[in-house]
Structure formats: C-alpha cells, structure tokens
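Since the structure is predicted, the reported quantities are computational estimates derived from the model, not experimental observations. Residue numbering restarts at 1 for every chain, and letters A, B, ... go by the order of the sequence lines.
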2 protein chains.
Amino acid sequence: MGTAERKAKEKEELKHLILEGAKKLFVEKGIEHTTIRNIANEINYSVGTVYVYYKDKNDILHALHMQGFSMLGSRFKVLFSVENPMERLKAMGKEYIRFALENPEMYDLMFNLRAPIEFLDAMKAEEWNEGRATFFILKNTVIACMEQGHFKGLNDAEAVSFMIWSTVHGMCSLEIRDRCKGVAFENPETIVERGYAILLKMIDHI
Amino acid sequence: MGTAERKAKEKEELKHLILEGAKKLFVEKGIEHTTIRNIANEINYSVGTVYVYYKDKNDILHALHMQGFSMLGSRFKVLFSVENPMERLKAMGKEYIRFALENPEMYDLMFNLRAPIEFLDAMKAEEWNEGRATFFILKNTVIACMEQGHFKGLNDAEAVSFMIWSTVHGMCSLEIRDRCKGVAFENPETIVERGYAILLKMIDHI
DNA sequence: TTTGAATTTTGAACAATGTTCAATAATTTT
DNA sequence: AAAATTATTGAACATTGTTCAAAATTCAAA
C-alpha cells in the first residue's frame with residue numbers, strides 16, 4: 001500500500017513545516033511573543049491544524065528542545081577528532097559558547113525556559129537522552145583529562161564537569177538575558193570571551 | 001497638612017501590600033501562574049486598584065526585582081566583617097548560593113526572567129544600581145584578593161569576577177530550572193555543593 | 001465515474017489573561 | 001451640608017491557548 005506511506009510522509013512533512021515555522025518566528029520575535037495563530041499564519045494553515053500535529057504549544061517547544069540538543073550534540077561530535085582530551089575540552093567550551101550566542105532563542109529554550117510539569121516528565125523519560133548524552137561527552141572528556149594528569153587533587157569528575165558546564169552556561173545566560181548590560185562592564189562585548197579565558201587558565205593551572 | 005502625609009503613607013502601605021501579596025503568590029505558585037486577579041483577590045482589593053498603584057504586571061516584577069537585590073545586597077554587606085578577602089570571597093559565593101536556593105522564585109525574577117523592553121530600559125537607568133553595586137562588591141573583593149597575591153597570572157579582575165559570578169549563577173540556575181534532573185547525577189542533592197567545592201579549590205590553586 | 005466512508009482542515013467559540021476606564025463610593029474641604 | 005477631590009470598583013476589551021463540530025478533501029471500492 002503506497003498511499004499510506006505517502007500520507008505518512010506528508011504528515012511528517014507538515015509536522016516539520018510547523019516546527020520550522022515556529023522556530024523562524026521564535027528567532028524573529030522571541031518565544032513568548034509568538035502565538036499559535038502566528039505559526040499557523042506563517043505556514044498558511046489554520047490554528048486547528050497545528051493542534052492536530054502538536055498536542056500543545058509545549059509539544060512544539062519540546063520538539064524544538066530535542067532538535068536543539070541534536071544540534072549541539074553534532075557540534076560536539078565533530079570534536080571527537082581532537083585527540084588531546086584537554087584540547088578537546090577547551091574546544092567544547094568554545095563551541096558551546098558559540099552555539100549559545102549564535103542561537104540565543106534555541107539556547108534559552110533548552111536551558112532557561114521555565115519547564116511546565118509535563119515538560120519535566122518528558123525530560124525524565126527517555127526523550128532527555130540527548131541532553132544526558134551531551135553531558136556524558138563532557139564528563140568523559142574530563143575523565144580523560146584526569147587520566148592524563150590534569151585536574152590534580154580533584155577526584156570528583158562529575159562535579160568538575162558540572163562546574164565547567166555551569167560556568168559556560170552561566171556566562172551565556174547572563175549575556176543572553178542581558179544581565180550584563182546592567183553591570184556596566186568596561187568592555188561589554190568581550191566579557192564572555194574574557195571570562196572563558198579565565199576559566200581556561202584556571203583549568204590549566206590545576 | 002497632616003492629612004496629605006497620612007494619605008501618602010496609606011498609599012505607600014497599599015503599594016507595599018500589593019507587592020507582598022504578589023511575592024507570596026509568586027513563591028506559592030510561580031510567577032507565570034500568578035495573575036493580577038489572584039493578587040487583587042489575595043489582598044481583598046479589585047483588579048483596578050492594583051493598576052492604580054502599579055502601571056503594569058512588569059512594574060510589580062520590577063519592584064520585586066529591586067527588593068531582591070536589596071536582600072542579596074544586605075546579605076553581602078554582613079560579610080564586610082570578614083577581614084580576609086579570600087575568605088570573604090568564598091563566603092560570598094556560599095551566601096549567593098544559599099540565597100538563590102532558598103528563594104528560587106526571587107532569584108529567577110532577578111536573573112533568569114525574560115526581560116521586556118521597558119524592563120531593560122529601567123535596568124539601564126539608575127534603578128539597576130543595586131545590581132551594579134552587588135557586582136562591584138564582588139569585583140572589589142577579587143581585587144583585594146589579587147593584592148594579597150591570589151589569582152596570580154590573572155590580571156583581568158573584572159573577567160575573574162564575571163567568571164566566578166557566572167559559575168555560581170550557572171549552578172543555581174541549572175538547579176532551580178530542574179536541568180540537573182535530566183542529567184542523572186550520581187548524587188543529585190549535593191551537586192551544587194560539590195560544584196562549588198571545585199570552584200573553591202581552583203581559586204585556591206591559582 | 002460515482003459513491004460513501006475516512007481523513008484532513010477549518011474557524012467559530014470558550015475560558016483565562018492583562019489592561020482600561022467610566023461609574024460608584026469614600027473622603028476631604030469648603 | 002454641599003461640593004470637590006480622591007480612591008475603588010468591576011464590567012468590558014483585546015489577545016492568548018485550546019477545543020470541536022462542521023466543511024472540505026482524499027481515497028478505495030462498486
């Protein structure tokens with residue numbers, strides 16, 4: 001039965017179309033200024049159709065959430081080619097920052113968005129795999145660094161990974177959410193780079 | 001004219017009442033699940049009254065924002081008594097984390113809430129003073145540490161301060177926004193403490 | 001080709017929200 | 001006591017997420 005296949009594909013395509021429309025608008029005007037009606041309008045469908053393919057607005061956010069982790073994950077995977085674990089770790093931080101600052105809406109969605117209960121339930125289930133996998137890449141790199149003699153005196157690889165993740169995440173979040181603007185840094189444009197340079201030096205000296 | 005004074009005081013009191021009612025509900029059921037009608041109901045006034053005293057919902061958020069910085073600031077001020085700058089720096093981090101984890105809604109409001117344009121305008125104006133002051137306390141402490149021979153090889157005190165701020169902010173945000181839950185840490189309850197311990201060791205070793 | 005069932009799409013309708021504002025009530029001044 | 005000023009109200013509006021019966025379309029069988 002070829003018809004069923006084609007229909008399934010069409011459904012997939014429409015689902016994708018909705019998602020891409022949503023993403024475009026999110027990037028253009030921010031997540032909370034994008035309405036379902038906007039999305040429907042953007043792709044020339046009616047509101048109801050969106051709800052056929054996505055249960056919720058949350059469902060859309062969740063789909064984009066996974067897509068975001070997929071993007072970040074593939075950026076990380078490229079870095080497998082960097083043999084030296086310490087170099088790899090540093091490159092990962094750089095890529096992470098680049099991803100966050102180039103895709104602030106996506107990043108916000110992934111890490112800063114207030115999570116409704118259903119969202120959290122989905123996160124605890126299998127679907128959060130991508131996120132967990134991304135953290136494990138970091139953790140394993142830290143472990144590899146330790147095996148090469150780095151992070152001497154620190155035996156808690158998980159905590160080290162969490163601390164590094166928190167640092168880059170914190171810098172990106174403060175930057176993206178414009179909290180840096182209020183602080184009147186001497187050189188606002190470069191503050192994230194400078195902060196990251198400090199982290200690298202600290203990592204090197206231990 | 002004593003009447004005018006009394007009226008002014010009454011107005012102040014009602015404004016405060018609204019704010020406290022809002023805060024109570026924010027803490028109870030989260031910021032975005034608290035409506036103006038809820039707030040009005042909580043203090044037995046009508047919706048309209050709230051709008052007489054606060055221009056916006058944003059206006060309320062903004063007032064609480066300042067109150068939050070005031071709270072955090074006074075916690076920091078207590079630490080002036082700690083003479084040793086390095087000890088003071090460490091205590092500040094601890095206090096910061098305690099504040100964030102004890103007042104997650106307030107913290108979110110201060111650092112993670114999506115800022116509407118008017119909000120940002122107000123931030124750039126004088127009213128962000130509290131926030132700027134808080135960062136300066138941190139920065140000055142870092143400078144004092146440097147003068148005592150710490151942070152050797154790092155000459156950018158601002159970047160060091162930003163990096164430290166980002167680390168504790170990042171850890172608290174990830175924890176508060178439940179992003180830690182998805183990662184399946186070995187020991188989830190203690191991850192922030194452990195992460196902070198790593199930061200302290202790194203600071204010590206440089 | 002025609003038909004009738006299955007599927008897809010629609011948009012009017014609903015409840016909840018932030019916000020406004022003329023009307024009402026309370027207070028103060030004359 | 002009357003007038004004027006001030007404070008409070010809640011109905012009304014626009015916009016949101018969401019639902020669902022109806023309309024439009026597609027498809028397999030006769």
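- What separates CD1 of B/Ile60 from P of C/dT17 is a distance of 15 Å, to the nearest Å.
- Considering only residues two or more places apart in sequence or on other chains, A/Glu158 meets the side chain to side chain donor-acceptor pair (under 3.5 Å) condition with A/Lys139, B/Arg194.
- The interatomic distance linking B/Lys7 (NZ) with D/dA4 (C1') rounds to 11 Å, in whole Å.
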Original post:
In B/S/- notation, 5' to 3', how is nucleotides 17-22 of chain D contacted by protein heavy atoms closer than 4.0 Å?
Top reply: BBBB--

Measure all distances between protein nitrogen or oxygen atoms and nitrogen or oxygen atoms of nucleotides 23-25 of chain C, and list the pairs falling under 3.5 Å.
none

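- Between the side chain of B/Ser173 and the backbone N or O of B/Gly170, no donor-acceptor pair lies under 3.5 Å.
- Contact annotation for A/Leu14: backbone-only contact, meaning every heavy-atom pair under 4.0 Å involves sugar-phosphate atoms and none involves a base.
- In this structure B/Glu32 satisfies the side chain to side chain contact (heavy atoms under 4.5 Å, CB included) test together with A/Arg114, sequence neighbours excluded.
- Regarding A/Asn38, its CG atom lies at a distance of 10 Å from the C1' atom of D/dT16, rounded to whole Å.
- Nearest to the side-chain atoms of B/Val52 among the listed nucleotides D/dT8, C/dT10, D/dA7 stands D/dT8.
- When the side chain to side chain donor-acceptor pair (under 3.5 Å) test is applied to B/Lys24, the partners found at least two apart in sequence or on another chain are B/Glu42.
- Listed by chain and number, the residues in a side chain to side chain donor-acceptor pair (under 3.5 Å) with A/Thr167 are B/Thr167 (sequence neighbours excluded).
- Partners of B/Lys201 according to the side chain to side chain contact (heavy atoms under 4.5 Å, CB included) rule, which considers only residues two or more places apart in sequence or in another chain, are A/Leu154.
- Between A/Lys15 atom NZ and C/dT9 atom P there is a gap of 14 Å when expressed in whole angstrom units.
- Residues that satisfy the side chain to side chain donor-acceptor pair (under 3.5 Å) test with A/Lys15, not counting sequence neighbours, are absent from this structure.
- Of the side-chain N and O atoms in A/Tyr53, one or more sit less than 4.0 angstrom from OP1 or OP2 of C/dT9.
- For B/Ala63, the side chain to side chain contact (heavy atoms under 4.5 Å, CB included) test picks out B/Leu19, B/Tyr54, with sequence neighbours left out.
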